[in-house]
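Lettering follows sequence order; numbering is per chain, from 1.
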2 protein chains.
Amino acid sequence: MISIVVENYLKTILKTEDQSRKASTSNIARDLSVADATVTDMFQKLQKAGLLEYKPYYGATLTKQGRMIALKILRRHRLIELFLQKVLGYGWAEVHEEAEKLEHAVSELFVERLDQLLNFPVKDPHGEVIPDAQGFRATLEDICLAEAKPGEYTLRRVTSGDPEFLSYLEREGLVPSNRFSLVEKLPFQGPLKIMLKSSEAPRFIGLEAARKVYVTPTPPLAEGRRKAADHPPARGRRKAVGRRQLAEIERRDTLLSTRHEFARASQHPA
Amino acid sequence: MISIVVENYLKTILKTEDQSRKASTSNIARDLSVADATVTDMFQKLQKAGLLEYKPYYGATLTKQGRMIALKILRRHRLIELFLQKVLGYGWAEVHEEAEKLEHAVSELFVERLDQLLNFPVKDPHGEVIPDAQGFRATLEDICLAEAKPGEYTLRRVTSGDPEFLSYLEREGLVPSNRFSLVEKLPFQGPLKIMLKSSEAPRFIGLEAARKVYVTPTPPLAEGRRKAADHPPARGRRKAVGRRQLAEIERRDTLLSTRHEFARASQHPA
DNA sequence: TTTTTATATTAGTCTTATCTAAAAATTGAT
DNA sequence: ATCAATTTTTAGATAAGACTAATATAAAAA
């Protein structure tokens, strides 16, 4: 049986690989808030168990088996987060912590029932993709706000579970699906000046915060469609689109900004 | 922090007290499937922690503090069971196992949100009372089927989480709220002959099974109301009651068969 | 190439929860 | 009151995870 502790190691290694950081003992130790020696020990055990390959100074790589387990935890985590928000009315900032515990306690059946209840969702409340039951993940094509040029954007994803930070973003109106324009990036690692679609006052976001925020240009310049810039929407002229319609557009945009791809697990012979 | 293991000890002791069995090391060891020596050890630790009083050969008694914790777990367990059944569509027999794990993983907030979502329910899918957030419990006035005299009964509660057993009962139509008549008890510890309201064929239920089933006479002879036997319902004469109405009657009956009372915790100075 | 620095490992403890086997204590029966 | 049966406790181990302190190794810099 795989313990909660092992599940957390695997999950953390997967996340580290996703960020193309090295899954070294020291990195993982920092992420899990344990001593380096503890990770060395665990890496040796996990290698013996066939869940990862480990080369000192190079880092750990999940095996097919280890990756599958990690993806399952990730799926659980994200479905649970969405459930907490949609069904139990949790706030954006509250879902992560609770999911951290629940992800180790729920059965396969539970997860699949959640999936059904939530109507097979694609993303969690932070905009992260939910792996499917086979471990496949859609690939996001969003870009990091810290690297974006001035222009119009839709917020897609926030890579943090920290309640403080998330509450802050929420107060600033920076939640997934919200639109804003990036007016300019102030020099010398300065903050970003942004303008929400819904408000007049400009806001300033620190570079560190911007590193955790991912966006797509608005409207998305999807292949095979003419650039929307050539046909600016006749705003205020005809009747504004209804809520339902807006939701549908939003959904379509979201889907268009992703591309389905096999999870690495299936290409990675153990 | 209280570990999952400790939570399980406290819960098991509470259940044992409820059944007025002695919470001896050996009894608890059997219930938890651990060695006697393990329980001795744990009892000593829990006593030191102020969660129970323990006298060898006499048994353990929960302190106010220990009881409060146990009642919280019980509340979680039962709310989770109901949630699994009502919201995630789990079967009667499946809810217990999943709840056993989840009860140790959910936060206070989660539990209170469930309570709200389920509209502050009184009983779980097995007919067991759900303690309120303060640990108060309604007291059931049902009787054990194994001790019942021939007559008309409504099934109220089943004291088992065993999926096999519950599936069996379900197949026999013995689920909470169902009505049946106990025709006779066969001699020499023989089975009980019962007749479901909804079917012609008699069924035979072993005495062991009957010990886990609790019932109230149908219709309930609540104080301050005339016995319903004096006024047999004019069945088939006027229009049958609708579903909604039936549900309401059922609900009222259920409530009438209970009486609110302080949980022992509040009378028990540590 | 040698030194410095960063990273990783080993060795020895600790805690929690468990076990088995043997010893001790209590209850109940004769 | 004494013995047998039951119940409980002690003692000594084990396994999982984690720690600290000391050591070793690889990478980077001089």
Side-chain angles (χ1 to χ4, degrees), chain A residues 1-14 16-17 19-62 65-66 69-70 73 100-101 103-105, chain B residues 1-14 16-17 19-62 65-66 69-70 73 100-101 103-105:
Chain A
M1 244 298 95
I2 283 158
S3 71
I4 293 177
V5 172
V6 168
E7 289 188 346
N8 278 330
Y9 273 88
L10 296 178
K11 187 182 65 170
T12 303
I13 295 167
L14 179 65
T16 304
E17 288 185 355
Q19 301 165 209
S20 18
R21 285 200 311 147
K22 189 169 63 166
S24 59
T25 50
S26 44
N27 275 343
I28 300 301
R30 202 165 44 67
D31 291 0
L32 287 174
S33 311
V34 299
D36 290 9
T38 309
V39 178
T40 301
D41 234 56
M42 186 55 89
F43 274 13
Q44 289 167 355
K45 267 189 239 170
L46 295 182
Q47 180 153 50
K48 213 164 289 172
L51 299 173
L52 54 77
E53 298 293 338
Y54 173 54
K55 290 262 280 200
Y57 301 93
Y58 170 79
T61 323
L62 293 172
Q65 208 199 139
I69 295 167
I73 312 287
E100 282 290 298
K101 289 204 75 183
E103 67 189 7
H104 307 293
Chain B
M1 245 295 100
I2 283 158
S3 70
I4 293 176
V5 172
V6 168
E7 289 187 345
N8 278 330
Y9 273 88
L10 296 177
K11 187 182 67 172
T12 304
I13 296 167
L14 179 66
T16 304
E17 287 184 355
Q19 301 165 211
S20 18
R21 284 199 312 148
K22 189 169 65 165
S24 60
T25 50
S26 43
N27 275 344
I28 300 301
R30 200 164 45 66
D31 291 0
L32 287 174
S33 311
V34 298
D36 291 8
T38 309
V39 178
T40 301
D41 234 57
M42 186 55 89
F43 274 14
Q44 289 167 353
K45 266 188 239 170
L46 295 181
Q47 180 153 52
K48 212 163 289 172
L51 300 173
L52 54 75
E53 298 292 339
Y54 173 54
K55 291 262 280 200
Y57 300 92
Y58 169 80
T61 323
L62 293 171
Q65 208 200 138
I69 295 168
I73 314 286
E100 282 291 299
K101 288 204 76 183
E103 68 190 6
H104 307 293

Indicate whether OP1 or OP2 belonging to [N] is found under 4.0 Å from a side-chain N or O atom of [X].
X: A:Tyr58; N: D:dT25; value: no
X: A:Thr38; N: D:dG17; value: no
X: B:Ser26; N: D:dT8; value: yes
X: A:Thr40; N: C:dT9; value: yes
X: A:Gln44; N: C:dT10; value: yes

- Winner on side-chain proximity to B:Lys45, out of C:dT16, C:dT20, D:dT8, is C:dT16
- Item | Nucleotide nearest A:Ala37 (side chain, heavy atoms from C-beta), chosen from D:dT9, C:dC19, D:dA21 | D:dA21
- Message: Give the residues of residues 1-11 of chain A touching DNA chain C, defined as any heavy atom closer than 4.0 Å, sorted by residue number.
- Response: none
Please report the distance, rounded to the nearest Å, between [atom1] in [X] and [atom2] in [N].
X: A:Leu32; N: D:dC19; atom1: CG; atom2: C1'; answer: 15 Å
X: B:His104; N: C:dA17; atom1: NE2; atom2: C1'; answer: 15 Å
X: B:Lys55; N: C:dA25; atom1: NZ; atom2: P; answer: 16 Å
X: A:Lys48; N: D:dA16; atom1: NZ; atom2: P; answer: 11 Å
X: A:Ile28; N: D:dG17; atom1: CD1; atom2: C1'; answer: 17 Å
X: B:Asp41; N: C:dT16; atom1: CG; atom2: P; answer: 11 Å
X: A:Phe43; N: C:dT10; atom1: CZ; atom2: C1'; answer: 17 Å
X: A:Lys22; N: D:dA26; atom1: NZ; atom2: P; answer: 13 Å

Show the nearest heavy-atom pair for residues [X] and [Y], with the distance to one decimal.
X: A:Leu62; Y: A:Glu17; result: N-OE2, 3.0 Å
X: A:Thr12; Y: A:Thr16; result: O-OG1, 2.7 Å
X: A:Ala29; Y: A:Asp36; result: CB-OD1, 3.3 Å
X: B:Tyr54; Y: B:Thr25; result: OH-CG2, 3.3 Å
X: A:Ala60; Y: A:Ile13; result: O-CG2, 4.4 Å
X: A:Gly66; Y: A:Leu10; result: O-CD1, 4.1 Å

- First encountered from the 5' end of DNA chain D, between A:Pro56 and A:Ser33: A:Ser33
- Message: If you assign A:Met42 and B:Asp36 each to the DNA chain D nucleotide with the nearest heavy atom, which residue ends up on the more 5' nucleotide?
- Response: B:Asp36
- Could a donor-acceptor pair under 3.5 angstrom be found where the side chain of B:Tyr57 meets the base of D:dT7? yes
- Item | Atom pair CD1 (A:Ile73) and CD (A:Glu7), whose distance is rounded to the nearest 0.5 Å | 3.5 Å
- From CG (B:Asn8) to CD1 (B:Ile28), nearest 0.5 Å: 11.5 Å
